[in-house]
Undergrad: 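What follows is a single structure, and I will ask about it in a moment.
In what follows, every chain begins at residue 1, and chains take the letters A, B, ... in the order their sequences are listed. Bear in mind the structure is a predicted one, so any value in this text is a computation, not a measurement.
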2 protein chains.
Amino acid sequence: MTAHIGNHRQMLGSRGPCLTAVLRMAGLRPTRQRLALADLLYGGGHRHVSAEALHAEATTDGVTVSLATVYNTLRQFKDAGLLREVTVDAARTYFDTNTSDHHHFFIEDEDRVVDIPTNDIEISGLPDAPKGMKITHVDVVVRVKSLS
Amino acid sequence: MTAHIGNHRQMLGSRGPCLTAVLRMAGLRPTRQRLALADLLYGGGHRHVSAEALHAEATTDGVTVSLATVYNTLRQFKDAGLLREVTVDAARTYFDTNTSDHHHFFIEDEDRVVDIPTNDIEISGLPDAPKGMKITHVDVVVRVKSLS
DNA sequence: ATGCCTGCAAAATATTTGCATGTAA
DNA sequence: TTACATGCAAATATTTTGCAGGCAT
């Protein structure tokens, strides 16, 4: 059950043996690669990464991991509720380490995703889901570009 | 200037020589392929299509057009302001013939985009764009799935 | 005639998968 | 030991591009 795991996301903020526990709880073996990636993802504040970017970072850090494993790991983390997928650009998939409800800026010039720093966004006038459907998530993406 | 062209989008609702005029106004030669695609896109009500789907439709209708040309045409139409790109699914790009301000349902089970049928959505508490940036567009995507 | 279009195939990108090898339990 | 993970390369999928020939003006 991902809800239970989600409650332990806070543990991810710190380094160390803690990551091992979280991975276990998610049903994922704490392998060298997964631990290294989790450390990159959760070692600091919240982040938005693409598979390509995370792989480059790991490589720079001297962590040996294949791009395919990065993709697989990101998907596993997402399925476990440890990451959230953000769809802003058709060409690339971004993952957000912040799984709580919030929205995003997408900086068009830089292909970069940033959290919208307030929680004050309210959406009113949302219609009901079409018959027989339920709403799973509401995404607000504010596209911005530099003042040319 | 796309603003000017945009004012003529209404002309696209009807078939006939009108499409020729609109394409001309957009700086696009009214070729057989473009006219056929424009007719599919604007011949009825508003639609959401992917390149693949539009190509299949054209082929079924006996219109000979290559997939590459469909991609190119969709991009040209978008650049001319005749279509709007909707990013909801990382795997596929959708184009919306409705270029006015509105938002979308994304039906996850079917990979389908639907306009949200009201104009009543209001978003409050939107922060300013980051320094030196301006907001180009706000997208609201309501993801729905069937009640399992 | 001239320059923009089209189709085809090939390239470019992003992501997934099959399989042999390696490793956690 | 046994099941699950990893790495590599190849497969897939989507979209773009180069180029030779075609069509609109």
Undergrad: Can you tell me how far the CD atom of Glu52(A) sits from the CG atom of Leu67(A), to the nearest 0.5 Å?
TA: 5.5 Å
Undergrad: Specify the residue among Pro30(B) and Arg32(A) whose closest nucleotide of DNA chain D lies further upstream toward the 5′ end.
TA: Arg32(A)
Undergrad: Between the protein and nucleotides 9-11 of chain C, which nitrogen or oxygen pairs come in under 3.5 angstrom?
TA:
none

Undergrad: Which nucleotide in the list dG7(D), dA25(C), dA24(D) gets nearest to the side chain of Ser66(A)?
TA: dG7(D)
Undergrad: Do side-chain atoms of His137(A) reach the backbone of Val142(B) as a donor and acceptor pair under 3.5 angstrom?
TA: no
Undergrad: At a cut-off of 3.5 Å, list every protein nitrogen or oxygen paired with a nitrogen or oxygen from nucleotides 19-23 of chain D, distance to 0.1 Å.
TA:
none

Undergrad: State, without any angle test, whether His48(B) and Asp115(B) hold a side-chain donor-acceptor pair at a distance under 3.5 Å.
TA: yes
Undergrad: Would you say Arg24(A) reaches dA25(C)'s phosphate, i.e. side-chain N/O to OP1/OP2 under 4.0 Å?
TA: yes
Undergrad: With a 4.0 Å limit, can you tell me whether Arg34(B) has a side-chain N or O closer than that to the phosphate oxygens OP1/OP2 of dC5(C)?
TA: yes
Undergrad: Short question: side chain of Thr69(B), backbone of Val65(B) - any donor-acceptor pair under 3.5 Å?
TA: no
Undergrad: Look at Gln76(B) and dC4(C) and indicate whether a side-chain polar atom (N or O) is within less than 4.0 Å of OP1 or OP2.
TA: no
Undergrad: Under 3.5 Å, which N/O atoms of the protein pair with N/O atoms of nucleotides 13-15 of chain D?
TA:
residue, atom, partner, partner atom, Å
dT14(D), OP1, Arg92(B), NH1, 2.7
dT15(D), OP1, Thr93(B), N, 2.9
dT15(D), OP1, Thr93(B), OG1, 2.8
dT15(D), OP2, Tyr71(B), OH, 2.5

Undergrad: Counting the benzene-type ring for Trp, do His102(A) and His104(A) have ring centres under 6.0 Å apart?
TA: yes
Undergrad: Are Val49(B) and Val86(B) grouped together when hydrophobic residues (ILVMFWY) are joined by side-chain heavy atoms under 4.5 angstrom apart?
TA: no
